[in-house]
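This structure is a prediction, so every number in the text was calculated from the model and none was measured. First the proteins, then the strands, lettered A, B, ... as listed; each starts at 1.
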2 protein chains.
Amino acid sequence: MKKIKILFADDHAIVRDGLRLLFKSDPQFSIVGEASNGEEALQLVEKHRPNVAVLDISMPKLNGIEATKIIKEKYPLTKVLILTIHENEEYIQQMILAGADGYVVKNAEKKEIFDGVRAVANNESFFSPSVSKVLLEALIKRTRKNDEPESNIYNKLTRREIEVLRFIADGLTSKEISQKLFLSISTINSHRTNMMKKLDIHDTASLVRYAIQNNLVQMK
Amino acid sequence: MKKIKILFADDHAIVRDGLRLLFKSDPQFSIVGEASNGEEALQLVEKHRPNVAVLDISMPKLNGIEATKIIKEKYPLTKVLILTIHENEEYIQQMILAGADGYVVKNAEKKEIFDGVRAVANNESFFSPSVSKVLLEALIKRTRKNDEPESNIYNKLTRREIEVLRFIADGLTSKEISQKLFLSISTINSHRTNMMKKLDIHDTASLVRYAIQNNLVQMK
DNA sequence: ATGTGACTCAGTATAACTAACTAGTTAATA
DNA sequence: TATTAACTAGTTAGTTATACTGAGTCACAT
């Protein structure tokens with residue numbers, strides 16, 4: 001079994017000391033570099049091509065998010081594990097978008113950090129349980145919110161209205177819709193007007209948003 | 001500390017035997033009912049109002065998904081923990097939509113099932129690590145797919161255009177946007193026109209869809 | 001220094017949409 | 001049977017959006 005080559009970056013010397021101690025305590029890891037800011041981390045990645053880069057988010061010169069983006073673009077073989085105190089959804093999401101392979105909170109136990117490094121080195125993704133919880137709850141909230149009875153579109157709009165709304169959200173004009181449905185333009189406009197009155201909406205843009213929010217159109 | 005009243009439902013007698021043994025082994029639980037199908041489970045929930053209903057998905061008469069929906073609607077105080085062998089995303093998502101509070105795989109360890117029951121009894125949600133993994137990976141995939149370089153909005157639209165597009169997708173008219181940004185209507189219209197040309201889009205509806213697709217507006 | 005892209009603004013013409021009405025037909029239902 | 005909701009269609013008026021052409025300023029890079 002090959003050793004896992006590790007680089008870590010954090011602007012606090014104390015954290016670096018801790019990480020150094022941590023990774024030296026286990027022979028399966030080999031530290032190939034330490035950096036105190038994002039730019040330095042990049043240079044060391046370039047030089048040593050580690051298997052895993054353990055990055056803090058807030059660092060001088062180049063923060064962890066930007067560093068991650070660059071690493072994932074230039075050196076895709078180097079996995080990125082974020083080690084941070086931030087547990088809010090936005091940060092986490094930004095990191096996922098940047099391409100981070102794992103996300104571990106700083107107060108995690110030794111074993112959790114090891115697990116994280118091993119997992120990302122092994123091409124898996126890894127998130128601290130508390131981070132997973134935040135993500136899952138966001139996911140569940142999003143999955144569920146379209147299912148509340150009050151917001152159920154079918155109780156508010158008639159079948160014909162929904163049919164028309166689908167076409168509107170697809171970008172068809174009233175004229176085109178009238179041709180598709182063999183109706184007069186007046187009728188389509190009536191449906192538009194009625195829907196808008198019901199929904200307290202006053203423009204096409206909001207109608208489209210409403211349609212998308214209620215899964216009337218799928219976004220391929 | 002009050003005992004957690006438990007009902008479980010599974011169409012296999014062997015599984016029921018196992019669950020009975022399991023929950024009897026710990027005095028914090030008290031079994032108030034056992035069912036071999038969904039309908040029976042419903043009747044027992046009605047009768048005993050358990051804190052937690054542990055349900056299998058595939059059961060005769062009424063499956064776990066439908067049973068969950070009914071329980072969550074009629075007896076919201078009863079938490080539902082799904083215990084199943086299915087680990088695919090669709091099943092999991094269906095269960096979340098149905099309102100399940102937790103989801104544990106059948107080959108989980110004793111402790112995990114206990115943890116699950118305790119968590120849902122405690123108003124938290126709970127998912128087996130392997131289930132969490134499936135969900136998280138789905139989430140990450142979804143989060144990332146809007147980030148492919150070809151479809152990256154920031155390479156196509158300028159900052160000002162994106163700013164304007166956000167407002168458009170929020171349902172503001174050009175006039176309103178011009179007032180917000182202290183610009184003339186002509187300018188806003190120019191931005192609209194330029195965006196449409198770039199994106200080969202010819203109506204507001206499609207612009208709004210494009211904005212949403214690219215996460216320019218969040219749908220609360 | 002020249003060109004390019006981003007941003008700004010104007011004007012004209014046409015198309016599309018919004019608002020506020022009226023009103024007839026049909027189907028379900030109390 | 002009378003009522004209601006849904007669907008249909010229309011008028012009138014005003015507003016907003018789309019499609020053009022044209023043009024000036026600014027910053028930045030070749």
Side-chain angles (χ1 to χ4, degrees), chain A residues 66 70 149-217, chain B residues 149-217:
Chain A
E66 295 306 317
I70 297 171
E150 323 84 63
S151 78
N152 191 337
I153 188 173
Y154 300 98
N155 296 335
K156 288 190 181 169
L157 300 184
T158 67
R159 250 169 305 168
R160 200 53 146 177
E161 284 168 344
I162 288 174
E163 196 178 7
V164 172
L165 181 51
R166 270 186 224 273
F167 285 122
I168 292 173
D170 267 341
L172 303 200
T173 65
S174 292
K175 192 180 171 188
E176 290 166 331
I177 299 171
S178 74
Q179 284 159 359
K180 279 226 170 195
L181 297 178
F182 304 104
L183 296 174
S184 88
I185 299 183
S186 302
T187 303
I188 305 302
N189 282 329
S190 287
H191 288 313
R192 284 187 108 112
T193 303
N194 290 333
M195 279 190 273
M196 288 178 160
K197 196 177 269 175
K198 280 186 196 178
L199 303 173
D200 191 26
I201 278 175
H202 309 277
D203 53 274
T204 307
S206 301
L207 263 187
V208 174
R209 291 206 337 165
Y210 182 84
I212 292 173
Q213 235 157 4
N214 287 279
N215 293 321
L216 253 43
V217 281
Chain B
E150 324 83 63
S151 77
N152 191 339
I153 188 173
Y154 300 99
N155 297 336
K156 290 188 180 169
L157 300 184
T158 67
R159 251 171 302 167
R160 198 54 146 178
E161 284 168 345
I162 288 175
E163 197 179 6
V164 171
L165 181 51
R166 269 185 223 275
F167 285 122
I168 293 174
D170 266 342
L172 303 199
T173 64
S174 292
K175 194 178 170 189
E176 290 166 330
I177 299 172
S178 74
Q179 285 159 358
K180 279 225 171 199
L181 298 179
F182 304 103
L183 296 173
S184 86
I185 298 184
S186 303
T187 305
I188 305 302
N189 281 330
S190 287
H191 288 312
R192 283 188 108 112
T193 303
N194 291 333
M195 280 191 271
M196 287 178 158
K197 198 178 268 175
K198 281 187 197 176
L199 302 173
D200 191 27
I201 279 176
H202 307 277
D203 53 274
T204 307
S206 302
L207 263 188
V208 173
R209 293 203 337 164
Y210 181 84
I212 291 172
Q213 235 156 3
N214 286 279
N215 292 323
L216 253 42
V217 281

Quick one: does any side-chain atom of A/Thr187 pair with a main-chain N or O of A/Leu183 as donor and acceptor, under 3.5 Å? no
From the options C/dC9, D/dG10, C/dA6, select the nucleotide whose nearest atom is closest to the side chain of A/Ser190. D/dG10
Terminal axis angle for the helix from C/dA1-D/dT30 to C/dA30-D/dT1, five pairs an end, nearest 10 degrees: 40°
For the pair made of CZ in A/Phe167 and C1' in C/dC17, what is the distance, rounded to whole Å? 19 Å
Check whether any side-chain nitrogen or oxygen of B/Arg160 sits under 4.0 Å from OP1 or OP2 of C/dT8, and answer yes or no. yes
For A/Ser184 and D/dG10, is the shortest distance between a side-chain N/O and OP1 or OP2 below 4.0 Å? yes
With a 4.5 Å heavy-atom cut-off, do B/His202 and B/Met196 have their side chains touching? no
Which residue, A/Ile201 or A/Lys175, contacts DNA chain C at a nucleotide closer to its 5' end, judged by nearest heavy atom? A/Lys175
From CG of B/Leu165 over to P of C/dC7, roughly how many Å is that when rounded to an integer? 13 Å
Can you tell me how far C1' of C/dA19 sits from CE of A/Met195, to the nearest Å? 15 Å
Rounded to the nearest Å, what distance is computed from the CD1 atom of residue A/Ile188 to the C1' atom of nucleotide C/dT18? 15 Å
Below 4.0 Å: OP1/OP2 of C/dA19 and any side-chain N or O of A/His202: yes
Over 12 non-hydrogen atoms of neighbours within 6.0 angstrom of NZ in B/Lys175: no
Would you say the side-chain atoms of A/Lys198 pair up with the backbone N or O of A/Leu157, donor to acceptor, closer than 3.5 Å? no
Is there a side-chain contact between B/Ser174 and the phosphate of D/dA17, meaning an N or O under 4.0 Å from OP1 or OP2? yes
Side chains of B/Ile162 and B/Thr158: does their closest heavy-atom pair fall under 4.5 Å? no
Tell me whether the OP1 or OP2 atom of C/dA19 has a side-chain N or O from A/Thr193 closer than 4.0 Å. no
Remember a base hit wins even if backbone is also touched, and classify B/Asn189 as base, sugar-phosphate or nothing at under 4.0 Å, heavy atoms. base
One thing to verify: whether B/Arg166 and B/Glu163 come together as a salt bridge, which I'm taking to mean a side-chain N less than 4.0 angstrom from a carboxylate O. no
Spacing between B/Leu207 atom CG and C/dA16 atom P, to the nearest angstrom: 16 Å
Under 4.0 Å: is that the gap between some side-chain N or O of B/Arg192 and OP1 or OP2 of D/dT18? yes
Nearest to the side chain of B/Met196 - D/dA19, D/dA9, C/dA16? D/dA19
Nearest whole angstrom, please: distance from the P of C/dT18 to the CG of B/Asp203. 12 Å
For a quick test of reading the model: is some side-chain N or O of B/Ser186 closer than 4.0 Å to OP1 or OP2 of C/dT8? no
Contact between B/Arg160 and B/Leu181 at the side-chain level, heavy atoms closer than 4.5 Å - yes or no? yes
Would you say D/dT8 has OP1 or OP2 under 4.0 Å from some side-chain N or O of A/His191? yes
State, without any angle test, whether A/Asn189 and A/Ser186 hold a side-chain donor-acceptor pair at a distance under 3.5 Å. no
Take the protein atom NZ of B/Lys197 and the nucleotide atom P of C/dA6, then report the distance between them rounded to whole Å. 13 Å
Over all strands shown, is B/Ile185 touching base, sugar-phosphate only, or nothing at heavy-atom distances under 4.0 angstrom? nothing
Please determine, for the side chain of B/Arg159, which listed nucleotide (D/dT18, C/dC7, C/dT8) has the closest atom? C/dC7
Spacing between B/Lys198 atom NZ and C/dG5 atom P, to the nearest angstrom: 10 Å
